[in-house]
Amino acid sequence: MKYDKESSSIEDKPGSYYFFIPLVELSEFDNCSILSSTMIWDDSVSHTFEDAVSLFESCFNQIQNSYDPLDSICRKGLVPSYISRDAHLSETGNPQLVYLDTELLATIDAKGIPLTLDKFLTSDQSFVRFSPEFLFCSNMELYLQQNETESFIKRCSNINLAWASLIVEECVRLGFTYFCIAPGSRSSPLALSATCHPLTTCISCYDERSLGFHALGYGRGSRKPAVVITSSGTAVSNLLPSVVEASQDFIPIILLTADRPPELHDAGANQAINQVNHFGTFVRYFFNLPPPSDQIHARMVLTTLDSAAYYAMQAPQGPVHINCAFREPLDYTNRDWNLDCLRGLDKWFTNIEPYTRYLTMKTVSAFGNYSCSVMEILQIIEKAEQGLLLVGALHTDDDMWAVALLAKHLSWPIATDILSGLRLRKVVNLFPQFDKSILFIDHIDQILLSDSAKNWISPDVIVQIGSRITSKRVGMFLETCSPFSYILIDRHPCRHDPSHVVTHRIQASIVEFAASLCRCTFERKKSRWTDILMVLNSVVAQEIMFQIHSKWSLTEPYVAHVIGESLSGDAIMFVGNSMVIRDLDMFGKGWTDYTSNGNSLMMHHFLEFVGTSVAGNRGASGIDGLLSTAIGFAVGSNKHVFCVVGDISFLHDTNGLALLNQRARRKPMTIIVVNNHGGAIFSLLPIAKNTSPQILKKFFYTSHDISISNLCAAHRVKHLLVQTKAELHDALVKSKAEQIDCVVEVDNSIDSNADFHRIMNKFSAYSTTRYLDYLLGDPCPKSELDAMPVYIIHGAEYMLYRIQLSAPRTSALSDGRFSHEGFILKLCMDDNIAGFGEVAPIEIHEEDLLDVEEQLRFLFHMMKDSVLDVIPLLRGSFSNWIWTSLGIPPSSIFPSVKSGLEMAILNLLASQRKCGLSKFLAGSDPLVRDQNSYAGIEICALVDCNGTPMEVAHAVAKLVAEGFTTVKLKVGRRESPIEDAAVLHKIREVVGYKINIRVDANKKWTYEQAVEFGYRAKSLRLEYIEEPVSSVNDLIKFCDKSGLPVALDETIDNLKGDVIPKLHQFVHPGIVALVIKPSVVGGFEKAAHIAKWAQMHDKMAVISSAYESSVGLASYIQLAHYVDQQNSIVSRIKNKDTCGVVAHGLGTYQWLREDVSEKELNIHATPLGDGIRASVEDACGYLHHLSINNNKIERTYNEEKMRSYSIQVDVDDCSYLVKLQEAGDHINEKVVLLLHGFLGSSDDWVPMMKALSPSARVIAVDLPGHGESQILQQHVENSEQFPVTVQSLVDLLLKLICQITDGEVVVVGYSMGARIALHMALNQVHLNPRQIRGAVIISGSPGLKDEESRRRRIAIDKSRAKFLVSCGLECFLETWYSAKMWTSLREHPKFNSVVRTRSKHKDIKALAKVLADSRVGRQRPLWEDLKHLKRPLLIVAGEKDTKFKDISQRMCSEITQHGECGCDERDGDELCDMIVIPDAGHAVHVENPLPLVRAVRKFLQKLH
């Protein structure tokens, strides 16, 4: 490779390619060892380049930190300084990145086949970061030639420069190479020496205050001091704020302040002030150097600096001050000086060590052999019943990991401060807010807003790690909670106990303390207290998320909540004081998704999260110097820093912008300025309640209209103004992509910020109180007083009903039938406790009855004996239960099924508490309990609107006479909107304006038709019109044009995923209502969530039915009652009037000519004449005493028993005993044969078999070597002569089929089973041509095309088989499932269960034989056979399984392009279908089984 040093480029040679080899190298230079690393990267790798660099830096930092800090400090400082300088990323054109491993090398023939590029996997685009090797080596030589130091100092033109050079050289030897220099004359010797030294990095600033804070930031980021050089006079005084902060927060800084000589003090000399002990007790050490003189031994200068460095770095760390007096000359003027003052420095000149080395005696651990006092600590922790781990500011990754491991070891809840680095976490879990491996309590501050929670949380032992706690509320709580013991651990000895509650103070490093405790074994106690605290944290987290995202405008809490999502790679955060740090502490999102970075494999054996370092100036907590500190922090940490500050803080330190332009040794920064045009924090303090606005604005808020944009422009810094959420997101993405410093200004106002904070706090307090009341009200058996009660579903059944309707359904696609079908669900616990639900999909649902029954059968099997830990209506709780307990992605369950299942579970839990669903949902919060007027809900009547205008008017009049005050009519079904308007005019003529009229167009009209209707209906005083236009893009336009109030229905139904951000487009005041069908949106939890959003935006939330029976209606009545109660609470908290009584869309009860129950649900007019109302008490009683009318039940299903048997099959010279499991009607002519993969068994298919059993006779087998199947005997002397190949398994299964059925069989195979199934579908030689009807190939392959690949794979599988036999199944399983193919399966909640079932195989030798003989290497490739396919195939692959998804696509392409007509005259396109299952990897049938079940059933229907 020809490398051009000048341009740092590679010469491209046509036809050439290059191997880029990653390397970790240890090089020796005399007494210096250099550890270096070369890393290769391209965009196809799952991890980002930034992630990899961050990981490498972390590893090297750990290596460095393992050495004594004084022993190796120079070596540590050298490498980072020069390995990163002048390195850049260059795109290469022709050179391609080649992936080379031992498996690939094994395919190269030993005889010397040319290594042509086509034999390798390559990347078309590669990038090379050229190492500055030449600069590094040249400086290394300079560094190693220490005699140059001696000659340089001896050549100094005067004694001032000699002393200054000694000071700078000793700083470098101590590892302090970063110099912050303020311009000045008296400090010239120091400045000249620092800037001339080859190993220093220097920065300057005209403002000493900013410079001091910059040095503070550097020390905070690097954990070693910067050296500050200033002139004399007030230049020194300007350092005081940064010195105070450094002292209070234990940040080391070396202060070298120039001074006038003694003869110029107290003599009126210019810039001469008393600088002796200028910083008082805020420095750890002070020394007043005399003016340089050759009459003083120079080694005094060195020992002074070494002593100062020791005090700066020794606990408690902090700033040190050396006052350096200089007489003139202050420049390079020659003045003779006597070299005798250098006597005694000979050894110093010949090495690279500091003159004085301070050594400490290290012990093995902080506790040594456990003294009596330490044993007391261990006993306190062991006896704790309600222990709380409180984590303050942490500064290193090691400290963060140590605390996390300690929290996991103790199983205590851990309350994390924003500065702990554990508050903003990046995680790979799909449902991180419910992760239980470490019990994070992120929102303790907001939980304490509830008086009930504050009184209830009473830890008996608190262990606080790290000194600073940001939250004032937490601090006040600590003053009153009175724990039995309060233990504080920190490295420094200072008292940090403002509440005066600490009973035990331990001075130790956090890593040592955590390691000592982790070596002890503590009993893991079940704690109801801990479980409740975790639930409350989830409640507050969900409330915060809802409030922040439901607010359409950009708010300051939103900034705090989402900023963590921008911290990818090596990004960290520096946060300012006042409002921004409090917002981040209160509202920062604890978990952010990190799965896109592909870290799951790396994290497999470790904690499943990555902490995010957050720093701030909390020593004195001032707002001065924050920008300068953040810039220094970026330099010291060598990370991409996100700085978040308020506008007043930013304006207080605008001189920091001058430092921003100096990009030496620093990555780009993103500075977010939250500009509310004043000091917003005062608006939240008590003073704002009783002080006039004028005084507040002038003397507290200090309101301003200063242009931050112009300030940035003056300093040539990029500026972006954002005013919306989308603009903020775009700005953060842009700043990261452009890799330049950028100021992002978030525009806001004090008043709106204060109002939103107050509303959020009230909702957090209310939600905490409500759910705490629910959790404490849970009846607990005496045996479970120390733990949350465990509820187990012991039984589940469904009943298919058919009832008659009084008229066809009004739904848009109704087929006009007068009957209605659905399923009644019944879930049971012990003690005859039951809960009912209903699933009854109709035309508006995407699913039908067959789809529903299929899923119910599958779910009921998975729910059997599952623990029911659902928290009612807590967002995400029900979905989390489905995922963690059942192992099913919630998104794969049909909305009607999810709704019916949730209905049954909520009714079951309510029944367990011996109360109705309404009370169960609302709890006993005082805000709810006092609302006696809401004993029921009002019902809106439904009118189909068929007939003449007069007929419709009379129908409405009849309903009014019955007592209805609100009716809804279907429109959009006549020839024109004009006719619909005429009908409504006739209704108003007949019944007048005493009732509310709603109309529903069901998206039938174009925009023009809707406007025509609006024009003619303007005077009719409609309550609202539902879905007037077919296009959602025309909704707002219609509102503005027509002036009619609009309601949403189908528009909401079509919103998938997290609906709240998607609802922002509908905040328009013309949209007055949301009509919510739980069975369509996907359940009660989601319906309540949408309803709350509507109420927050002053819109009606209308619960609507979809022609359910009285079982569903009774549950909806209680849900509607709960929604009405929430509406009242929302209005109270927001201090607004409610939108009045809402009539809910449950009028479909009038369509029920028959019902599923013996007793009728009572809905009637009230004596007060205020409409037709449904009584909540009646609805509760109906469900409590529900008696099913068996005459309306078509069939009942509770649990299908599997039929299990074995069949002996003889094939050639071998006999097998094959274990089979069967479900479905044994006389069904549709037969499905299920074949598992390697290591699987027939048990893998049981849930799927039960789901498919109504459609076919379903049979699963244990393949030879697996499960309970046996290889009985082989009639050959050597068993190796009779391999268990794919073809032999095909022959076995074909004979087996002949024994179990005479009909056609559809073969469904997964992985190894898929290869067998494909052979069976393609092999037409030994079987009846009609025997195999078709095949489903799941994650399967036709084999390897080339011989070399097969040879390599045979060798690999043979090696694996030997490993299995020699090391055992358990060890093999760990190795097998560590492969990349199983990445998504490892993330699945059922992964451990899958591995346990795989470990049950008994015949390891037979299993190894199958591995060696029947794997893909020994299989005959079938790619050519695909061209002659006769039987239909369904090919299935997981969305995340890139390899097999590609194979599946190539299989389909091969069939469709070359396929012949099948046995039933189908062409290639009809013979092959392919589906990709979302949210699944290789193990599709485990990771996302429901879409697979549906696909197989549809395939069976297509075949028959």
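Predicted model, so just to flag it, every value in this text is computed and none were measured.
Ion pairing between a basic and an acidic side chain is recognised when a charged N comes within 4.0 Å of a carboxylate O; Arg875 and Asp1058 show such pairing. With respect to Asp442 and Arg425, a salt bridge is recorded, a charged nitrogen being found less than 4.0 Å from a carboxylate O. Using a 4.0 Å cut-off between a side-chain N of Lys or Arg and a carboxylate O of Asp or Glu, Asp585 and Arg582 do not qualify as a salt bridge. Checked for salt-bridge contact, Lys1136 and Asp1098 meet the test: a charged N lies under 4.0 Å from a carboxylate O.
Residues meeting the ring pair (Phe, Tyr, Trp, His ring centres under 6.0 Å) test with Phe836, sequence neighbours left out: none. Contacts of Ser911 classified as side-chain contact (heavy atoms from CB on, under 4.5 Å), with partners at least two apart in sequence or in another chain: Ile833. Evaluation of the salt bridge (charged side-chain N to carboxylate O under 4.0 Å, His left out) rule for Lys454 yields Asp451 as partners, not counting sequence neighbours. Partners of Arg473 by salt bridge (charged side-chain N to carboxylate O under 4.0 Å, His left out), not counting sequence neighbours, listed by chain and number: Asp445. For Lys1077, the salt bridge (charged side-chain N to carboxylate O under 4.0 Å, His left out) partners at least two apart in sequence or on another chain are Asp1049.
Within a 6.0 Å radius of NZ in Lys725, other residues, nucleotides and ligands contribute more than 12 heavy atoms.
Remark: the Asn753 side chain and the His757 side chain contain an N/O donor-acceptor pair separated by less than 3.5 Å. No side-chain donor-acceptor contact under 3.5 Å links Thr768 and Gln446. In this structure, a donor-acceptor pair under 3.5 Å is present between the side chains of Ser1079 and His845.
One N or O on the side chain of Asn537 and one on the backbone of His443 form a donor-acceptor pair closer than 3.5 Å. A donor-acceptor pair under 3.5 Å links the side-chain atoms of Ser471 to the main chain of Val474, judged by distance alone. At distances below 3.5 Å, not a single donor-acceptor pair connects side-chain atoms of Glu1439 with backbone N or O atoms of Pro1478. A donor-acceptor pair is defined here as one N or O able to donate and one able to accept, closer than 3.5 Å; such a pair exists between the side chain of Glu902 and the backbone of Glu1085.
The six-membered or imidazole ring of Tyr1116 lies away from that of His1121, with a centre-to-centre distance of 6.0 Å or more. Proximity of the aromatic rings of Phe878 and Phe1084 is defined here by a centroid distance below 6.0 angstrom, and this criterion is not met. Taking the centre of each ring, His1089 and Trp1093 stay at or above the 6.0 Å mark.
Here Lys1440 contributes atom NZ and Asp1479 contributes atom CG; the two are 5.5 Å apart, rounded to the nearest 0.5 Å.
Annotation: cation-pi geometry satisfied between Arg913 and Tyr774 (NZ/CZ under 6.0 angstrom from ring centroid, within 45° of ring axis).
What you find for Ile1076 and Ala1101 is that their closest heavy atoms are CD1-CB, 4.3 Å.
Within the structure, the salt bridge (charged side-chain N to carboxylate O under 4.0 Å, His left out) test picks out the following pairs touching residues 535-544 (sequence neighbours left out): Glu543-Lys1092.
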Residue pair Lys898, Ser879: steps toward the side-chain hydrogen bond (donor to acceptor under 3.5 Å, both in side chains) verdict:
CA-CA 9 Å; Lys898 193 174 180 184; Ser879 294; 3.1 Å; yes

Thr769 vs Ser450, side-chain hydrogen bond (donor to acceptor under 3.5 Å, both in side chains): CA-CA, chis, key distance, verdict:
CA-CA 6 Å; Thr769 300; Ser450 164; 2.7 Å; yes

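The aromatic rings of His549 and His561 sit perpendicular, their planes meeting at an angle over 60°, well past the 30° parallel limit. Using cut-offs of 30° and 60° on the angle between ring planes, the pair Phe860 and Tyr798 is tilted.
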